[in-house]
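Shown next, in structure tokens, is the structure this report addresses.
Values below: every heavy atom of this structure, side chains too, minus hydrogens, waters and symmetry copies. The model shown is predicted, which means the values in this text are computed figures rather than measured ones.
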Amino acid sequence: MDGIDDIELRHGARRARAYTRAEPLIRCIEEAIRDHRRRTEDLDGMPRVGVLVGLCTEQKLSAPRGGPITYHTVVRALKLMGLR
């Protein structure tokens, strides 16, 4: 992933590993946010967490440590991204 070394320098190795594990989920969330903002023309808007869970589940993603994508999984990914 681009910038993972930068994350490690700024936030430490632990957070960089967490970000690396969550990369597929983060990419799904980023895409959903971009699509939402394009559709609504709200530059600061975001879909609800439940919508993000559904979209990432549809793509057959799993949680960073295995298991299904849940509300809490998405919230943790949003925190890693600095969006919550």
Tell me the side chain to side chain donor-acceptor pair (under 3.5 Å) pairs involving residues 64-84, sequence neighbours left out? Thr70-Thr73
Can you find a heavy atom in the side chain of Met46 that is under 4.5 Å from one in the side chain of Leu78? yes
Any side-chain heavy atom of Pro68 within less than 4.5 Å of one from Thr57? no
Closest contact, heavy atoms only, Ala32 versus Leu52: CB-CD2, 3.5 Å
Check Ile33 against Gly45 and note the closest heavy-atom contact, atom names and distance. CG2-O, 4.2 Å
Calculate, to the nearest 0.5 Å, the distance between atoms [atom1] and [atom2] belonging to [X] and [Y] respectively.
X     : Y     : atom1 : atom2 : value
Ile29 : Ile69 : CD1   : CD1   : 8.0 Å
Glu31 : Leu55 : CD    : CG    : 8.5 Å
Leu61 : Arg27 : CG    : CZ    : 12.0 Å

Applying salt bridge (Lys or Arg N to Asp or Glu O under 4.0 Å) to Arg38 and not counting sequence neighbours gives Asp35
When you group the ILVMFWY residues by side-chain heavy-atom contacts below 4.5 Å and let the links chain together, are Leu83 and Val53 in the same group? yes
